[in-house]
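Each remark here refers to the structure printed beneath this line.
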Amino acid sequence: MSFTSVPILDLDMARNPATKAEFLNQLRHALLEVGFLYLENVGIPSQLFQEVIDKGKAFFDAPLEDKLRIEMKRAPSFLGYSRLAAEITAGEVDHREQIDLSTEHALPGPGLPEYHNLLAPNQWPSEESWPGFRATYTDYMRRMGSISIYFTSLIAEAIQLPADAFEKYFDADQQHKLKIIKYPDLGELGRDGEVQGQGVGPHKDSMLTSYLLQATAHRGLQVQNVQGEWIDCPPIDGTLVVAIGQGMEALTQGVCVSTTHRVLSPAAGSGARFSIPFFQGVKYDTTFDDLETVGVGAVPDEVREQRRRVVERTGARVDDVEFTFRKGSVAKTLGEATLRNRVKSHPDVGERWYPHILRSLREEQSRSQASSSKTMKRGEGPPSSVHVPGAAIETH
């Protein structure tokens, strides 16, 4: 039997020597069986959480023309504002608008790989229109960056690796990312008669860990267990929802599970749902060969056996969500895979700045569709999942 709820962990237990061992036991269960958890007492002041929520919601109240001054497609970094229905997940349009931010970096110098374009300054909303926005989110991203690195060390300890096992995958000035997302309700989308809509389609987060602040009381986030059932992950005051990414699954040789999840559009008349996910970054120059041949070190047999028993008890389920952290013939580094991922999710940005990558992705898609068609004509049934580096996304 697979999980039917998402566990709640108290980070204060990890900070107390008397309760740390029990916290690590609880964390190991969440890592091996669920791939998701709620985290309370993370160490962010409640006042800052509220400012992040208030200023995030207020961003979307401005006239569209003001938001378009910092539209994502104005820069090759994929940072900035995305209008409603500008992003694609699992081949379908996502019904949301958002702004993407990251920890600040200077523009890349000449001669660097193309994926270094992702390391860039933010397109910040103007101080005149959104006073205090930049300061609030700079503070929040700085704090969350430290928390994410600390929590990653606890993951290592939970699966009996050295606490610093993942540090080789972080830059000294590691880029972390954040989104502020508005999901309009079905009525606002002109779909009053519908019961369900895609806020964002089924996906797995790409890097190591992500941390979601659910900014309104709406349900909508759902996590899929190995039986294929969608389990609600409703807002709980004072918590962040932590998702384990595909990078963590790859680095731990499948011991830590990355779980498929989605967001449903709010019901008509319920108002917009807002969420603010923070995504822990990984060094873009890391190669897939590094991941496979260097890794974090061998996960102990005891922990591997625990994961094997989980799979044996719950059953293994192969889904069709594409996997980012896989060695392939196209992307050689995590940076290349991430850039291709962003082009696939935001084709309008790709059209302007990376037409060669967009063309390559469309050619791959055409070949995949042609192969699927031939397979079906032979009566062999649908093909197994095709894994394309850079195809998963980072979103909630």
Side-chain angles (χ1 to χ4, degrees), residues 2-9 11 26-40 42 44 89-90 94 96 98 100 141 144-145 147-152 154-156 158-159 166 169 176-181 183 199-215 219-226 229-236 239-252 254-264 273-282 317 319 321-325 334 338 341 345 391-396:
S2 186
F3 68 90
T4 56
S5 62
V6 176
I8 303 172
L9 276 66
L11 194 56
Q26 293 177 15
L27 178 55
R28 186 188 303 183
H29 165 80
L31 295 170
L32 273 59
E33 302 217 14
V34 186
F36 258 72
L37 58 104
Y38 292 95
L39 196 61
E40 59 183 358
V42 296
I44 299 289
T89 303
D94 296 326
R96 63 183 188 166
Q98 63 192 7
D100 284 57
M141 286 189 287
M144 284 303 307
I147 289 168
S148 70
I149 300 297
Y150 172 57
F151 189 73
T152 303
L154 294 173
I155 290 176
I159 58 173
F166 298 104
Y169 300 108
H176 305 291
K177 295 181 180 178
L178 176 143
K179 293 176 182 281
I180 311 168
I181 308 172
Y183 296 94
V200 63
H203 66 281
K204 297 179 180 181
D205 290 354
S206 55
M207 295 296 187
L208 299 189
T209 57
S210 55
Y211 304 79
L212 173 66
L213 175 58
Q214 300 197 75
R219 290 174 178 262
L221 176 62
Q222 294 184 327
V223 183
Q224 192 173 43
N225 66 20
V226 295
E229 301 165 326
W230 288 104
I231 307 302
D232 280 337
C233 194
I236 298 177
T239 68
L240 296 174
V241 177
V242 181
I244 302 305
Q246 296 181 33
M248 185 65 72
E249 181 174 321
L251 291 175
T252 60
V255 168
C256 298
V257 60
S258 180
T259 303
T260 300
H261 50 288
R262 68 181 182 185
V263 175
L264 303 180
R273 175 183 183 266
F274 293 87
S275 67
I276 305 168
F278 174 92
F279 304 95
Q280 180 184 41
V282 180
R317 176 178 179 272
D319 58 33
V321 171
E322 296 162 302
F323 202 81
T324 299
F325 283 73
L334 301 190
T338 301
N341 163 38
S345 295
I393 63 172
E394 46 181 31
T395 183
H396 285 304

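No hydrogens, no waters, no symmetry mates; every other heavy atom, side chains included, goes into these values. We're numbering straight along the sequence, starting at 1.
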Legend entry - Contact summary for Ile149 and His176, nearest pair of heavy atoms: CD1-CE1, 4.4 Å

Legend entry - Test item: Ile44 and Leu213 side chains (from C-beta on) under 4.5 Å apart, heavy atoms: no

Inset, instruction - Considering non-hydrogen atoms only, spot the tightest contact between Gln214 and Leu221 and give its length. - result: OE1-CB, 4.1 Å

Inset, instruction - With the side chain counted from C-beta on, respond yes when Val263 and Arg96 share a heavy-atom pair under 4.5 Å apart, and no when they do not. - result: no

Inset, instruction - Could you tell me which non-hydrogen atom of Gly145 sits nearest to which non-hydrogen atom of Phe278, and how far apart they are? - result: N-CZ, 3.5 Å

Inset, instruction - Of all the heavy-atom pairs spanning Met248 and Phe166, show the shortest one and how long it is. - result: SD-CZ, 3.3 Å

Inset, instruction - Report yes if the side chains of Leu212 and His261 come closer than 4.5 Å at any heavy-atom pair, otherwise no. - result: no

Legend entry - Side chains of Thr338 and Ser206 in contact at under 4.5 Å (non-hydrogen atoms): no

Legend entry - OG on Ser148 to CE on Met141, rounded to 0.5 Å: 12.5 Å

Inset, instruction - Check whether any side-chain heavy atom of Val34 lies under 4.5 Å from a side-chain heavy atom of Val257, and answer yes or no. - result: no

Legend entry - Nearest-0.5 Å distance that lies between atom SG in Cys256 and atom CD1 in Ile159: 4.0 Å

Inset, instruction - Please name all residues satisfying side-chain contact (heavy atoms from CB on, under 4.5 Å) with Leu37, sequence neighbours left out, ordered by chain then number. - result: Pro7, Leu9, Leu27, Ala30, Leu39, Phe151, Val242

Inset, instruction - Would you mind reporting whether Leu178 and Ile276 have side-chain heavy atoms less than 4.5 Å apart? - result: yes

Inset, instruction - Kindly say whether Ala158 contributes a backbone atom to a donor-acceptor pair with the side chain of Arg28 at under 3.5 angstrom? - result: yes

Legend entry - Validation row: Leu11, Tyr150 side chains within 4.5 angstrom (heavy atoms): yes

Inset, instruction - Working to the nearest 0.5 Å, report the span between OG1 of Thr259 and CD1 of Ile231. - result: 11.0 Å

Inset, instruction - Could you grab the distance from atom OG of Ser258 to atom CE of Met207, nearest 0.5 Å is fine? - result: 12.5 Å

Inset, instruction - Might you point out which heavy atoms bring Thr260 and Pro202 nearest each other, and give the distance in Å? - result: CG2-CB, 3.9 Å

Legend entry - Pairing residues for Thr209 by the side-chain hydrogen bond (donor to acceptor under 3.5 Å, both in side chains) criterion, not counting sequence neighbours: Tyr211, Gln280

Legend entry - Side chain proximity check, Arg273 to Leu264, heavy atoms < 4.5 angstrom: no

Legend entry - Backbone N/O of Lys179 and side chain of Gln98: donor-acceptor pair under 3.5 Å: no

Inset, instruction - Could you grab the distance from atom CD1 of Ile155 to atom CG of Leu208, nearest 0.5 Å is fine? - result: 8.0 Å

Legend entry - Residues which pass side-chain contact (heavy atoms from CB on, under 4.5 Å) with Val6, listed by chain and number, not counting sequence neighbours: Phe36, Tyr38, Val223, Cys233

Inset, instruction - Sequence neighbours left out, what passes side-chain hydrogen bond (donor to acceptor under 3.5 Å, both in side chains) with Gln222? Give chain and number order. - result: Asp232, Arg262

Inset, instruction - For Asp205 and Ile244, indicate whether the former's side chain and the latter's backbone hold a donor-acceptor pair under 3.5 Å. - result: no

